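What you see is a predicted model, and the numbers here were worked out from it, not measured in a lab. Counting starts at 1 for both ligands and their atoms, following the listed order.
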Amino acid sequence: MIVVRRTTALGVCLLLFATSDLSSQISAGADRAAAAERPAAHARKAQAETSLHVNGARLRETLEKLSEFGRPEGGTFGDGVTRLGFSEEDLAAREYVMGLMRAAGLEVRVDPAGNIFGRRAGTAGLPVILFGSHIDSVPNGGNFDGDVGSMGAIEVIRAMNQHGVRTRHPLEVVIWTNEEGHHFGKGLFGSSAAAGLLPEGVLERRDEQGLSIADWLRRYGQDPAKFAEAKLPEGYLAAYLELHIEQGGILDREKIPIGVVEGIVGINWYTCHARGFANHAGTTPMDQRRDALAAAAKAVLAVREEVRREPGRQVGTVGYMKVEPGARNIVPAHVEFPVELRDLDAAKIERIWERILRRFAQIEREENVRIHCDALSSDKPALTDPAIRQAIRQAADSAGLRFLDMPSGAGHDAQQMARLGPIGMIFIPSRGGISHSPHEFSDWNNIALGAEVLYRTILLLDQRFAAK
Ligand code: GLV
Ligand code: MN
Ligand code: MN
């Protein structure tokens with residue numbers, strides 16, 4: 001059963017009043033104080049408990065409905081979803097989500113990058129508190145990555161309407177376009193556009209059907225010529241918040257419902273090509289081959305070795321290989337493979353990449369094959385804002401929930417928003433730490449708790465930032 005300590009909007013107002021000197025409580029130096037407070041949080045959990053402001057059943061219903069867009073033919077919720085950014089499935093899901101936004105009283109607009117914003121007016125002329133996530137998925141993905149934060153954000157608005165809550169800041173729910181970046185080698189697409197961070201020429205990148213991003217933007221009702229206008233103006237953001245599943249196994253293992261994200265990893269993407277020579281597999285002697293696949297295989301292991309060569313949490317992945325001509329009896333002539341590197345330290349990513357390139361040069365000599373790599377994208381790591389972290393802890397604590405500070409190994413649109421203003425992220429547990437898989441699952445109660453913490457954090461920030 002879901003229980004917290006206060007029920008009504010009035011309850012939250014009282015809570016805010018009781019802790020009205022938030023600017024001193026939520027301060028940059030408060031992280032240490034929060035760490036010291038943590039054991040006390042556990043003790044307080046036993047105090048008076050009541051129900052949530054958000055409606056978990058209503059939130060679940062919208063997540064289940066959303067899961068139908070891109071569900072495998074004849075499948076069920078547990079079979080996951082393929083709803084790639086810039087696809088027909090995504091387009092249909094966006095219509096559903098915009099309908100939910102309008103029904104919640106939000107004023108909906110779509111920017112030239114396809115990002116969907118739903119606005120709820122504030123009572124004062126202040127910058128926006130923006131919160132949301134993405135509804136696109138990876139191929140054969142799950143129904144929680146991005147969806148929880150998107151549907152959770154809309155549920156927060158519905159709950160505020162229901163409880164008659166007004167905020168001083170305008171609130172905007174955002175659904176970012178193409179977070180996963182599968183087709184076009186550019187993840188965090190919409191948030192990058194909003195932060196003015198997209199690489200030159202990206203609109204001309206094409207998917208497997210030969211359609212460019214510009215073509216897709218037109219299909220999404222946008223004019224690519226106006227693309228630069230997607231950049232949010234200076235001073236637009238009071239704060240950006242994102243609720244998301246952890247996608248790792250820490251919270252689930254520790255049985256802690258709320259993660260307070262400290263920082264988000266940087267992600268570099270490269271596409272590499274190994275080029276050898278196609279020849280007869282029966283007649284070409286082993287010492288005379290220019291086998292692109294053998295070279296690529298060595299390259300995969302070199303990536304792993306160089307990533308592991310220094311201590312830390314950095315990761316590196318080669319996620320696929322496309323082999324040509326791709327026949328049993330032909331020595332492979334060409335292999336395309338990506339390299340992805342992630343860490344909280346951008347300099348470390350660069351250092352590892354330089355070592356990998358030196359290893360590739362060595363493999364070229366050993367295998368008599370050319371290896372060439374293009375840098376596709378580089379999304380910088382970002383730290384969350386200490387004051388927002390503290391507000392999230394305070395929100396969790398007020399709901400009687402345990403929380404844990406932790407880094408994010410997954411990329412998030414929040415990291416692009418960090419260029420425009422202070423950001424914070426709320427994690428909830430992922431069962432077994434599984435994500436980017438149909439087996440991805442988060443407990444429905446935990447989803448409701450995450451949305452509740454988002455609700456309370458927004459109200460705390462509304463007080464905190466207005467008091468500045
Ligand atoms: C985004 O989902 C990522 O790949 O981390
Ligand atoms: Mn993802
Ligand atoms: Mn995500």
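Between F337 and F360, the ring planes are perpendicular. Angles over 60° get that label, and only those under 30° would be called parallel.
Inspection of the environment of the Mn ion (ligand 3) yields the following protein N, O or S atoms under 2.8 Å: H134 NE2, D145 OD1, H244 NE2.
When ring centroids are compared, F189 and W176 stay outside the 6.0 Å threshold. For F131 and Y240, the ring centers sit 6.0 Å or farther from each other.
No salt bridge links R456 with D397; every basic N to acidic carboxylate O contact stays at or beyond 4.0 Å.
Ranking protein heavy atoms by distance to atom 2 (O) of ligand 1, first place goes to E180 OE1, 2.9 Å.
Side-chain contact between I245 and E440 is present, with heavy atoms from C-beta onward closer than 4.5 Å. Using a 4.5 Å heavy-atom threshold, the side chains of Y455 and H163 count as touching. Side-chain contact between H273 and R370 is absent, with no heavy-atom pair separated by less than 4.5 Å. Inter-residue side-chain proximity for I116 and R94 is flagged as met; some heavy-atom pair is nearer than 4.5 Å.
Shown in contact with A410 at under 4.0 Å from a heavy atom are these atoms of ligand 1, numbered in order with element: 5 (O).
Using 4.0 Å as the threshold, R342 has a heavy atom nearer than that to some atom of ligand 1.
The shortest N or O to N or O distance between G411 and ligand 1 is under 3.5 Å. The N/O atoms of H436, backbone and side chain alike, include one that comes under 3.5 Å of an N/O atom in ligand 1.
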